[in-house]
Asks: 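First the structure, then my questions, so here it is.
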There are 2 protein chains.
Amino acid sequence: MTGQRRVIARVLSDAEDHPDVEELYRRASELDPKISVATVYRTVRLLEEKGILERRDFGGGRARYEATEHGRHYHLIDVETGKVLEFEDEEHEALMRQIANRLGFELISMRLELFGRRLPTPEAAKTERPKAAKKARGTGK
Amino acid sequence: MTGQRRVIARVLSDAEDHPDVEELYRRASELDPKISVATVYRTVRLLEEKGILERRDFGGGRARYEATEHGRHYHLIDVETGKVLEFEDEEHEALMRQIANRLGFELISMRLELFGRRLPTPEAAKTERPKAAKKARGTGK
DNA sequence: CTAATTGCAAAAAGTTTGCAACCAT
DNA sequence: ATGGTTGCAAACTTTTTGCAATTAG
């Protein structure tokens with residue numbers, strides 16, 4: 001465990017968002033200016049192989065990362081702003097597991113991304129900027 | 001509408017799988033050897049913008065494409081072989097639409113990919129001949 | 001000390017683009 | 001003719017890699 005690796009791991013676990021390598025490099029450089037991009041790439045790959053990190057792809061050609069321990073959540077990408085909203089759905093994973101099983105597979109991981117456009121609701125109009133996604137559930141409104 | 005474009009469109013609509021640009025280029029080259037990769041990239045981008053094609057990303061750094069008219073389906077990727085299985089789930093889309101709405105968004109499109117490992121099924125158990133008795137779970141067949 | 005890790009810069013890999021030639025209309 | 005399209009190769013962008021220097025254990 002070297003200093004650089006620690007720094008990068010730190011940046012990653014601190015990240016609340018889904019930074020790409022360039023962004024990780026930028027943040028890591030603030031803590032340790034002599035880190036190189038190559039190391040970021042290498043570390044990120046290492047951590048992904050170890051299952052500590054997950055690579056995401058929200059389009060744009062760059063791989064983005066988030067810590068696996070963030071828990072079960074999915075992403076809704078605002079097609080206008082590119083912003084990523086997270087939401088949860090406990091039942092969803094079980095459902096997908098069933099589907100995979102039905103097809104004869106053990107579900108190892110999954111990727112679910114919704115792309116949407118903000119709906120103008122009365123609430124939204126008043127609030128203007130909802131901060132965080134609320135928990136999404138199977139039923140009930 | 002030029003010849004090249006027609007050829008590429010043809011290759012794409014004929015494709016039952018999810019080829020990447022390199023593969024498309026290969027297939028198109030068989031029909032018209034003087035097509036260039038650049039044209040494939042350009043055409044693919046064009047068709048995607050027109051909504052005729054959809055870009056997929058199953059990992060591996062390359063964008064893969066499929067005709068939009070293929071219909072509503074999702075993908076299950078066999079992590080061992082890389083093979084892509086398609087499946088449908090009518091209810092799922094409705095569910096996701098609900099979730100998006102609840103979050104204040106109109107669902108425009110979605111991406112769902114399951115990654116799984118093939119489960120030993122009774123059928124498979126018959127077909128495969130286990131040489132070494134290693135599995136503890138033989139009863140499941 | 002030994003093996004793993006890093007930085008750097010060069011090289012890959014994938015995709016885009018400038019431009020002159022080319023083709024459909 | 002005219003404007004969109006193509007091929008080619010060069011340019012870009014993102015990621016990987018060879019290698020010598022450096023560092024952890």
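Every chain is numbered from 1 and lettered A, B, ... according to where its sequence line falls, protein lines coming before strand lines.
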Asks: Any side-chain heavy-atom pair from A:Met96 and B:His92 closer than 4.5 angstrom?
Replies: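 A:Met96 reaches B:His92 side chain to side chain.
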Asks: Between atom CG in B:Leu24 and atom C1' in C:dT15, what is the gap in whole Å?
Replies: 14 Å
Asks: Which of the following nucleotides, C:dT15, D:dC8, D:dT15, is nearest to the side chain of A:Val21?
Replies: D:dT15
Asks: Would you indicate whether the side-chain heavy atoms of A:Leu103 and B:Phe87 approach each other to under 4.5 Å?
Replies: yes
Asks: Roughly, in whole Å, what's the span from CD in A:Glu23 to C1' in D:dT13?
Replies: 17 Å
Asks: Do A:Arg111 and B:His75 have side chains that approach each other closer than 4.5 Å (heavy atoms only, starting at C-beta)?
Replies: no
Asks: With a 4.5 Å limit on heavy-atom distance, are the side chains of A:Glu86 and A:Glu88 in contact?
Replies: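 Of all side-chain heavy-atom pairs linking A:Glu88 with A:Glu86, none is under 4.5 Å.
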Asks: If you assign A:Arg5 and A:Tyr25 each to the DNA chain C nucleotide with the nearest heavy atom, which residue ends up on the more 5' nucleotide?
Replies: A:Arg5
Asks: Over how many whole Å does the gap from A:Ile35 atom CD1 to C:dT6 atom C1' extend?
Replies: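 Interatomic distance, CD1 of A:Ile35 to C1' of C:dT6: 10 Å.
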Asks: Figure out the CZ/C1' separation between A:Arg64 and D:dT13, and round it to whole Å.
Replies: 17 Å
Asks: Quick one: CD1 on A:Ile35 to CD1 on A:Ile8, what's the gap to the nearest 0.5 Å?
Replies: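 Spacing of CD1 (A:Ile35) from CD1 (A:Ile8) equals 4.5 Å.
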Asks: Between A:Leu85 and B:Phe105, is there a side-chain heavy-atom distance shorter than 4.5 Å?
Replies: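 Sidechains of A:Leu85 and B:Phe105: in contact.
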Asks: Base, backbone or nothing for each nucleotide of nucleotides 16-25 of chain D, written B, S, -, heavy atoms under 4.0 angstrom, 5' to 3'?
Replies: BBB-----SS
